[in-house]
*Asks:* 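Before I ask anything, here is the structure I am working with.
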Amino acid sequence: MYIAQELRKKNIAEYLLYMWQIEDTIRAFDCSLPRIRREYIDRFGYNEEQKEEELDWFGNLIRMMNTEGCREKGHLQINQVTLQQLEELHSQLLASTKFPFYNAEYYKVLPYIVELRNRGAHKEENEIETCFNSLYGVMMLRLQKKDITPNTQHAVKEITTLIGMLNDYYLKDKETPLQFE
């Protein structure tokens, strides 16, 4: 909860990836709040009040996962909405002539997006979701200490640049709405 709150303010892309990881963490503990408390939350240096707040947060996420039918797979509606906001901003940036650097980066990344979509099981997902899925997949490979090919590393570097730019525009738009015309 504490990490999520900070990331949401500072980096929406990292926040979204973190929340996907939290969803998977909850699944890894079979959506069991006692296990999450004992095997996960207790590992952190939280005081009792913080542990209870964290436990409440996980409990709410578990309830939402159960209610929304994403106990086994998929993403919570709150995360889907965040992803949708990023996709909408992405579309607005591309449609405007005021953001040529974003457009240029997008066209550098587009061949990777096309390749990933052709290889993936979810051909109907939007481009930003494809980017996030690739970033999340590589993050999981790194956590498992698995090899990542040089081609994949290069693609991820370009995708990271695009998503970083999108994140920056998202934060700017939250401060002062961007002018697209």
*Asks:* Tell me whether the guanidinium CZ or amine NZ of Arg8 lies under 6.0 angstrom from the six-membered ring centre of Tyr15 and within 45° of its axis.
*Replies:*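 Flagged: Arg8 positioned over aromatic ring of Tyr15.
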
*Asks:* To the nearest 0.5 Å, what is the distance between CD on Glu158 and OH on Tyr112?
*Replies:*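 Separation between the atoms: 5.5 Å.
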
*Asks:* Can you measure from CG (Leu171) to CG (Leu166) and round to the nearest 0.5 angstrom?
*Replies:*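 Here the interatomic distance stands at 9.5 Å.
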
*Asks:* Check whether the ring centres of Tyr106 and His90 lie less than 6.0 Å apart, and answer yes or no.
*Replies:*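 Ring centres of His90 and Tyr106 closer than 6.0 Å.
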
*Asks:* Looking only at atom types and distance, does a side-chain atom of Asp30 sit under 3.5 Å from a main-chain N or O of Ser32, one as donor and one as acceptor?
*Replies:*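 No, Asp30 side chain to Ser32 backbone: no donor-acceptor pair under 3.5 Å.
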
*Asks:* Just verifying a value: how many Å separate Leu76 CG and Met65 CE, rounded to the nearest 0.5 Å?
*Replies:*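 Going from the CG atom of Leu76 to the CE atom of Met65 covers 6.0 Å.
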
*Asks:* Restricting to non-hydrogen atoms, name the atom on Trp57 and the atom on Ala4 that form the minimum distance, rounded to 0.1 Å.
*Replies:*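 Looking at all heavy atoms of both residues, the shortest contact is CZ2-CB, 3.9 Å.
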
*Asks:* Does Gln50 reach the main-chain N or O of Asn47 with its side chain, forming a donor-acceptor pair under 3.5 Å?
*Replies:*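 Side chain of Gln50 to backbone of Asn47: a pair is present.
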
*Asks:* With no hydrogens and no angle check, just 3.5 Å: does a side-chain donor-acceptor pair link Gln84 and Gln80?
*Replies:*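 Distance-only check fails for Gln84 and Gln80.
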
*Asks:* Decide yes or no on side-chain contact (heavy atoms from CB on, under 4.5 Å) for Met1 and Glu53, but give the supporting numbers first.
*Replies:* CA-CA 8 Å; Met1 175 183 79; Glu53 288 175 356; 3.6 Å; yes

*Asks:* Kindly indicate whether the side chain of Leu110, heavy atoms from C-beta on, has any atom under 4.5 Å from the side chain of Glu127.
*Replies:*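 The answer is yes, as the side chains (C-beta and beyond) meet within the 4.5 Å cut-off.
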
*Asks:* To the nearest 0.5 Å, what is the distance between CG (Asp42) and NZ (Lys51)?
*Replies:*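 Reported to 0.5 Å precision, the distance equals 4.5 Å.
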
*Asks:* According to the interplanar angle, ranging from 0 to 90°, do the rings of Trp20 and Tyr136 count as parallel (below 30°), tilted (30 to 60°) or perpendicular (above 60°)?
*Replies:*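 Ring orientation, 0 to 90° scale: perpendicular.
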
*Asks:* Assess the residue pair Asp168 and Met165 against the criterion (side-chain contact (heavy atoms from CB on, under 4.5 Å)); give the C-alpha distance rounded to whole Å, side-chain angles, the decisive distance to 0.1 Å, and a yes or no.
*Replies:* CA-CA 5 Å; Asp168 292 346; Met165 291 174 81; 5.5 Å; no

*Asks:* Testing the basics here: between Ile159 and Cys131, what is the closest heavy-atom pair and its distance to 0.1 Å?
*Replies:*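 What the structure gives for the nearest pair is CG2-CB, 3.6 Å.
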
*Asks:* Indicate yes or no: at least one non-hydrogen side-chain atom of Cys70 is less than 4.5 angstrom from one of Arg27.
*Replies:*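 Touching, per the 4.5 Å side-chain cut-off.
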
*Asks:* Under a 4.0 Å N-O cut-off, is there an ion pair linking Glu23 with Arg71?
*Replies:*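 Salt bridge flag = no for Arg71 with Glu23.
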
*Asks:* Check whether more than 12 heavy atoms from other residues, nucleotides or ligands sit under 6.0 Å from atom CD of Glu72, and answer yes or no.
*Replies:*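 Not more than 12 within 6.0 Å, no.
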
*Asks:* Would Leu83 end up clustered with Val81 when hydrophobic side chains under 4.5 Å apart are linked, directly or stepwise?
*Replies:*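 Unlinked, Leu83 and Val81 end up in two clusters.
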
*Asks:* Before giving the answer on side-chain contact (heavy atoms from CB on, under 4.5 Å), spell out for Ile36 and Ile62 the whole-Å C-alpha distance, their side-chain angles and the decisive distance to 0.1 Å.
*Replies:* CA-CA 11 Å; Ile36 290 170; Ile62 291 169; 3.7 Å; yes

*Asks:* Using every non-hydrogen atom in the two residues, find where Thr97 and Pro100 come nearest and quote the distance to one decimal.
*Replies:*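 Here Thr97 and Pro100 meet closest at O-CD, 3.9 Å.
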
*Asks:* Taking all non-hydrogen atoms of both residues into account, name the closest pair between Leu86 and Tyr170 and its distance.
*Replies:*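 Minimum heavy-atom contact is CD2-CD1, 3.7 Å.
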
*Asks:* Rounded to the nearest 0.5 Å, what separates atom CG in Asn103 from atom NZ in Lys108?
*Replies:*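 NZ of Lys108 is found 13.5 Å from CG of Asn103.
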
*Asks:* Of all heavy-atom pairs between Ile41 and Phe58, which one has the smallest distance, and what is that distance?
*Replies:*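 Scanning both residues completely, I find the closest heavy atoms to be CD1-CD1, 3.8 Å.
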
*Asks:* Should we say atom CG of Asp147 is surrounded by more than 12 heavy atoms from elsewhere, each under 6.0 Å from it?
*Replies:*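 Counting other residues, nucleotides and ligands, CG of Asp147 stays at 12 neighbours or fewer.
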
*Asks:* Checking the side chain of Ser96 only, and the main-chain atoms of Gln92 only, is there a donor and an acceptor separated by less than 3.5 Å?
*Replies:*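 No, Ser96 side chain to Gln92 backbone: no donor-acceptor pair under 3.5 Å.
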
*Asks:* Drop me the distance from Glu175's CD to Asp173's CG, to the nearest 0.5 angstrom.
*Replies:*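 Going from CD on Glu175 over to CG on Asp173, the span is 10.0 Å.
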
*Asks:* Take atom CZ of Phe180 as the centre, draw a 6.0 Å sphere, and report whether it contains more than 12 heavy atoms from other residues, nucleotides or ligands.
*Replies:*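 More than 12 heavy atoms, drawn from other residues, nucleotides or ligands, come within 6.0 Å of this atom.
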
*Asks:* Salt bridge check, Glu14 against Lys9: does any charged N sit closer than 4.0 Å to a carboxylate O?
*Replies:*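 Looking at Glu14 together with Lys9, the answer is no, because their closest N to O distance does not fall below 4.0 Å.
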
*Asks:* For the residue pair Glu105 / Thr161, report whether a side-chain donor-acceptor contact shorter than 3.5 Å exists.
*Replies:*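 Absent: no donor and acceptor within the cut-off.
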
*Asks:* Taking all atoms of both residues into account, what is the closest heavy-atom pair of Leu16 and Asn79, and its distance?
*Replies:*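 The answer is CD1-O, 3.6 Å.
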
*Asks:* Is it the case that more than 12 heavy atoms not belonging to Gln153 sit under 6.0 Å from its CD atom?
*Replies:*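 Yes, the 6.0 Å shell around CD holds more than 12 heavy atoms from other groups.
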
*Asks:* Could you please spell out the steps behind the side-chain contact (heavy atoms from CB on, under 4.5 Å) verdict for Gln21 and Leu143?
*Replies:* CA-CA 11 Å; Gln21 187 177 15; Leu143 286 172; 3.5 Å; yes

*Asks:* Do you see a donor-acceptor pair shorter than 3.5 Å between the side chains of Asn66 and Arg63?
*Replies:*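 On atom types as modelled, these side chains do not qualify, holding no pair under 3.5 Å.
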
*Asks:* Tell me if a side-chain donor or acceptor on Thr82 pairs with a main-chain N or O of Ile78 at a distance below 3.5 Å.
*Replies:*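 Yes.
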
*Asks:* Could you check whether atom NZ of Lys10 has more than 12 heavy atoms from other residues, nucleotides or ligands sitting under 6.0 Å from it?
*Replies:*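 No - once you tally the heavy atoms of other residues, nucleotides and ligands closer than 6.0 Å, there are 12 at most.
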
*Asks:* Should Tyr40 and Leu55 count as side-chain neighbours, where that means a heavy-atom distance under 4.5 Å?
*Replies:*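 They are not in contact (no side-chain heavy atoms under 4.5 Å apart), so the answer is no.
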
*Asks:* Please tell me if the side chains of Ile163 and Ile128 come closer than 4.5 Å, counting only heavy atoms from C-beta onward.
*Replies:*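 Yes, side chains in contact.
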
*Asks:* May I ask you to check whether Tyr2 and Phe44 place their ring centers less than 6.0 Å from one another?
*Replies:*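 No.
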
*Asks:* Are any side-chain N or O atoms of Thr152 and backbone N or O atoms of Ile148, one a donor and one an acceptor, separated by less than 3.5 Å?
*Replies:*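 Looks like no, no N/O pair under 3.5 Å.
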
*Asks:* Taking the side chain as C-beta and beyond, is there a heavy-atom pair between Glu87 and Glu129 under 4.5 Å?
*Replies:*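 No; the side chains remain at least 4.5 Å from each other.
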
*Asks:* Taking the side chain as every heavy atom from C-beta outward, state whether Tyr102 and Leu162 have any atom pair closer than 4.5 Å.
*Replies:*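 A side-chain contact exists here, since the closest heavy-atom pair is under 4.5 Å.
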
